Amino acid sequence: MEDVPTNPDSGKVYRLIYRSRNCIPDADRRVELGQLFGAARSQNKKRHITGALLLLDDYFVQTLEGDEQAVTALLSKIKADPRHDSFEVLDTNLVATRVFARWAMAKVGDDLDSPDINLIAHADGISGAASRGDSTPEQEGVLKVMRDAAHGRPLASA
């Protein structure tokens, strides 16, 4: 996916980070998340939305990047999804460029020692895809915010 500005007037990209509680029963998570990720990757690509997802215990922390209208429309759909509750927007910004330009969906490791994994969705669940290389310093800054949010630590600025 190209890293193109999505706000032509300012040359900026809208970035939103949220946290929510995962309400999918443990027994159903593998299949349900596979279906969710498959649909999300496809729709996000069509809408030119990129980002990263951290799953930790019963929490989702996700970063979405793209056109502000597209991201806020997606956010409304996510908020209405019964697979989430305790929804909280952690940060919104117009930024110079996408930090996850090549990530339509990825699972972020919950600490610095856990790898970040690009995901492939299948009918029966999800699996990891080949890594696309090391993170940039800008990515690491946003990933730190996501990891801190998942662990309930005070948030640094994205």
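Keep in mind that what you see is a predicted model, and the values were worked out from it rather than measured.
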Should the pair Lys77-Asp81 be classified as a salt bridge under the 4.0 Å nitrogen-to-oxygen rule? no
His84 side chain near Tyr18 side chain, heavy-atom distance below 4.5 Å: yes
Checking the side chain of Arg98 only, and the main-chain atoms of Glu65 only, is there a donor and an acceptor separated by less than 3.5 Å? yes
Looking at NZ of Lys79 and CG of Asp85, how far apart are the two atoms once the value is rounded to the nearest 0.5 Å? 13.5 Å
Hphob cluster co-occupancy, Leu55 + Tyr59, side-chain heavy atoms under 4.5 angstrom: no
Taking side chain as C-beta onward, heavy atoms only, is Thr63 less than 4.5 Å from Val99? no
Can you check salt bridge (charged side-chain N to carboxylate O under 4.0 Å, His left out) on Glu140 and Arg147, steps first, answer last? CA-CA 10 Å; Glu140 284 304 321; Arg147 290 180 179 115; 3.8 Å; yes
Is it true that Asp58 and Arg21 have a side-chain N and a carboxylate O under 4.0 angstrom from each other? no
For a 4.5 angstrom cut-off between non-hydrogen side-chain atoms, does Gln62 reach Leu54? no
Audit row: Asp67, His48, side chain to side chain contact (heavy atoms under 4.5 Å, CB included) steps and yes/no: CA-CA 8 Å; Asp67 174 76; His48 303 286; over 6 Å; no
Shortest non-hydrogen contact from Cys23 to Pro82? CB-O, 3.7 Å
Restricting to non-hydrogen atoms, name the atom on Thr50 and the atom on Ala101 that form the minimum distance, rounded to 0.1 Å. CG2-O, 3.6 Å
Step by step, work out the side chain to side chain contact (heavy atoms under 4.5 Å, CB included) result for Phe100 and Val142. CA-CA 10 Å; Phe100 300 114; Val142 175; 3.7 Å; yes
More than 12 heavy atoms from other groups under 6.0 Å of CD on Gln69: no
With a 4.5 Å cut-off on side-chain heavy atoms, are Leu74 and Ile49 touching? yes
Which of Leu143, Val145, Ile17, Leu56 passes side chain to side chain contact (heavy atoms under 4.5 Å, CB included) with Val61? Answer is Ile17
Taking the side chain as C-beta and beyond, is there a heavy-atom pair between Thr97 and Glu138 under 4.5 Å? no
Within the distance-only criterion (no hydrogens, no angle test), does the side chain of Asn93 pair as donor or acceptor with the backbone N or O of Val95 below 3.5 angstrom? no
Starting from the C-alpha separation in whole Å, work towards a yes-or-no answer on side chain to side chain contact (heavy atoms under 4.5 Å, CB included) for Leu33 and Ile24. CA-CA 9 Å; Leu33 289 174; Ile24 303 168; 3.8 Å; yes
Answer yes or no: is there a side-chain heavy-atom contact under 4.5 Å between Leu53 and Phe60? yes
Heavy atoms of Phe87 and Ile78 approach each other most closely as CE1-CG2, 3.6 Å
Presence of salt bridge, Lys12 and Glu68, under 4.0 angstrom: no
